[in-house]
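Here the structure is a predicted model, which means the values were calculated and not measured.
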Amino acid sequence: MSAPHCSPPPADLPPDDVFREIFLRLPPDPSFLLAASLVCRRWRRLICSPAFLHRFRAFHRTPPVLGFFQNLWTLSCPTGRRIRFVPTAGPATSISPPPGIQDWVLDCCHGRVLLYSYSDRELLVWDPMTGDTHYVGAPPDLVGEDVAAALVCAADHVDHTDCHSSPFQIIFLDCKEDDQYWLSACVYSSGTEVWGSWAAITTPSLVNSESSALVGNSVYWKINFAEEDSNHILEFELHNQRLGLIELPEGVRENYMSDIHIMPAEDGGIGFAGVSYYSIHFWSRRIDSEGVAGWALLRIIDMDKLSLSGVPAGDMFLWSSVVAFARDSDELFLQAEGGIFMIKIRSMQLRKVLEASGSAIYPYASFYTRGTSLQRLIALIYFFCGYIDSC
């Protein structure tokens with residue numbers, strides 16, 4: 001009688017270190033880590049390890065854009081205002097402000113959001129990934145109702161992929177109008193927990209509060225094109241705490257239909273982007289060999305060459321404008337008649353992220369791996385789906 005046939009033993013699974021190296025190279029979009037963590041408990045344990053998540057952030061360096069915030073006027077809230085978050089990295093990244101949170105977004109920076117309550121005159125620095133909040137009373141002697149602000153990481157490091165617990169500064173602008181336009185600025189430091197002194201300047205118009213750009217030691221805002229002689233951007237030097245005006249190139253109002261967006265330039269200086277017919281123009285302010293500052297056109301993107309889901313853009317962007325730039329990434333946001341679109345500048349990938357909306361947007365970029373945010377999300381999916389794993 002022949003011996004019974006025996007199946008070979010199952011092959012051993014690769015060691016943990018091999019899986020870690022594979023997971024490390026997944027794209028930073030949180031949906032990839034989430035999908036891998038749902039395969040089995042072993043993979044979930046490896047992915048949710050704080051040591052692995054730290055390596056993951058260091059490996060990718062550039063955090064993904066998870067979505068953007070919008071300020072909306074509404075009759076359903078007592079204040080008439082509400083905040084909306086629109087995810088661009090899948091439904092898993094939906095973010096909701098906690099109950100009672102301030103009612104207006106002013107800025108997003110390195111994984112944190114700056115909000116402002118007009119009724120309470122109070123600011124809030126909020127970290128959606130950790131839930132941490134830091135309330136700050138508005139600066140003393142605040143006069144105007146038109147305000148703007150920028151949130152800046154104050155840590156002395158170059159890598160801003162993990163600034164969630166770092167010290168910060170708030171640059172707050174108070175805008176008012178009497179017989180002329182006045183802009184006043186002061187700085188709050190989380191290290192000292194006090195506001196500095198006000199610095200003031202007269203301007204051709206009020207500041208555009210929808211965006212700011214940090215380049216080097218200065219923060220910049222666009223001045224509204226409401227007045228005929230308004231063709232400037234506002235500069236605030238952090239070290240000297242001094243305000244100044246920088247004139248834009250001649251013809252900006254006419255060439256870009258009075259709609260440009262201030263942003264860091266590709267060469268590291270301050271710049272702006274504007275749409276002219278079917279093209280996006282990228283400008284930078286440069287200093288020549290004789291120390292004279294001027295503007296230079298660095299790059300042009302021909303939107304005729306863009307395609308959406310394989311379909312040429314055509315006339316889709318004939319009437320469009322640049323409305324946002326993700327400072328932690330390379331995503332540019334365009335407002336067109338058909339909605340809001342996101343362009344990855346390096347790869348030229350284009351996709352639609354929202355139907356037509358005239359509200360300002362504030363891109364939010366962060367690794368969806370900080371603290372227990374990923375673990376909580378996975379636990380909820382396990383709970384509601386009754387998932388049973390086996391490896």
Side-chain angles (χ1 to χ4, degrees), residues 25-36 60-72 83-96 105 108 111 113 128-129 210-211 213 256 259-264 266 271-282 299-369 377:
R25 287 157 177 79
L26 290 174
D29 187 311
S31 60
F32 290 91
L33 279 185
L34 177 63
H60 289 280
R61 298 186 63 83
T62 301
V65 176
L66 301 183
F68 56 85
F69 290 94
Q70 281 190 303
N71 297 318
L72 303 177
I83 299 167
R84 173 171 68 178
F85 180 78
V86 179
T88 59
T93 58
S94 182
I95 297 172
S96 299
V105 176
C108 295
V113 185
M129 295 297 99
E210 296 177 357
S211 68
Y256 303 110
D259 225 337
I260 63 170
H261 190 83
I262 301 298
M263 57 185 284
E266 293 181 351
F272 69 86
V275 175
S276 179
Y277 295 99
Y278 292 100
S279 300
I280 307 175
H281 293 183
F282 295 88
R299 182 181 179 187
I300 297 177
I301 291 180
D302 186 356
M303 291 190 287
D304 276 343
K305 298 179 180 179
L306 298 176
S307 62
L308 185 66
S309 301
V311 179
D315 294 336
M316 189 182 302
F317 298 110
L318 180 59
W319 303 103
S320 61
S321 60
V322 179
V323 292
F325 176 75
R327 68 172 68 173
D328 297 314
S329 187
D330 74 329
E331 276 90 348
L332 193 74
F333 291 81
L334 287 175
Q335 171 79 59
E337 289 186 352
I340 293 178
F341 298 81
M342 187 168 72
I343 300 176
K344 290 183 178 293
I345 297 176
R346 295 188 186 93
S347 64
M348 299 296 290
Q349 292 179 329
L350 171 72
R351 65 190 180 101
K352 187 175 183 178
V353 293
L354 188 66
E355 295 298 328
S357 172
S359 302
I361 69 175
Y362 300 84
Y364 178 76
S366 178
F367 287 106
Y368 204 75
T369 56
L377 181 60

Side-chain contact test, heavy atoms from C-beta onward, threshold under 4.5 Å: evaluate it for [X] versus [Y] and give yes or no.
{"X": "Ile345", "Y": "Phe282", "value": "yes"}
{"X": "Val322", "Y": "Leu334", "value": "yes"}
{"X": "Thr62", "Y": "Pro28", "value": "no"}
{"X": "Ile340", "Y": "Gln70", "value": "yes"}
{"X": "Ser211", "Y": "His261", "value": "yes"}
{"X": "Met348", "Y": "Ile301", "value": "yes"}
{"X": "Arg84", "Y": "Leu354", "value": "yes"}
{"X": "Asn71", "Y": "Ile83", "value": "yes"}

Measure up the Phe367 and His60 rings against each other and bin them: parallel (under 30°), tilted (30 to 60°), perpendicular (over 60°).
->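 If you compare the ring of Phe367 with that of His60, the planes turn out tilted.
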Reference residue Phe317; test ring pair (Phe, Tyr, Trp, His ring centres under 6.0 Å); the match among Phe341, Tyr277, Tyr278 =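 The single option meeting the ring pair (Phe, Tyr, Trp, His ring centres under 6.0 Å) with Phe317 is Phe341.
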Spell out, as yes or no, whether a donor-acceptor pair under 3.5 Å connects the side chain of [X] to the backbone of [Y].
{"X": "Tyr364", "Y": "Val65", "answer": "no"}
{"X": "Asp330", "Y": "Arg346", "answer": "yes"}
{"X": "Lys352", "Y": "Gly338", "answer": "yes"}

Just how far is it from atom [atom1] of [X] to atom [atom2] of [Y], taken to the nearest 0.5 Å?
{"X": "Glu331", "Y": "Phe325", "atom1": "CD", "atom2": "CZ", "value": "8.5 Å"}
{"X": "Thr88", "Y": "Phe333", "atom1": "OG1", "atom2": "CZ", "value": "5.5 Å"}
{"X": "Met316", "Y": "Ser307", "atom1": "CE", "atom2": "OG", "value": "9.0 Å"}
{"X": "Met263", "Y": "Arg327", "atom1": "CE", "atom2": "CZ", "value": "12.0 Å"}
{"X": "Ile280", "Y": "Ser321", "atom1": "CD1", "atom2": "OG", "value": "10.5 Å"}
{"X": "Gln335", "Y": "Ser320", "atom1": "CD", "atom2": "OG", "value": "9.0 Å"}

Assess whether atom CZ of Arg25 is packed by more than 12 heavy atoms of other residues, nucleotides or ligands within 6.0 Å.
->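 Counting neighbours around CZ of Arg25, more than 12 heavy atoms of other residues, nucleotides or ligands fall under 6.0 Å, so yes.
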For the residue pair Tyr362 and Phe68, is the inter-centroid distance of their aromatic rings smaller than 6.0 Å?
->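 Judged by ring-centre distance (under 6.0 Å), Tyr362 and Phe68 do not meet the cut-off.
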May I have the step-by-step check of side chain to side chain contact (heavy atoms under 4.5 Å, CB included) for Met129 and Leu66, ending in yes or no?
-> CA-CA 11 Å; Met129 295 297 99; Leu66 301 183; 4.1 Å; yes
Do you know the tightest heavy-atom contact between Gly111 and Ser366?
->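 Between these two residues, the closest heavy atoms are CA-CB, 4.0 Å.
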Check Ala213 against Ile262 and note the closest heavy-atom contact, atom names and distance.
->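 Minimum heavy-atom separation between Ala213 and Ile262: CB-CG2, 3.8 Å.
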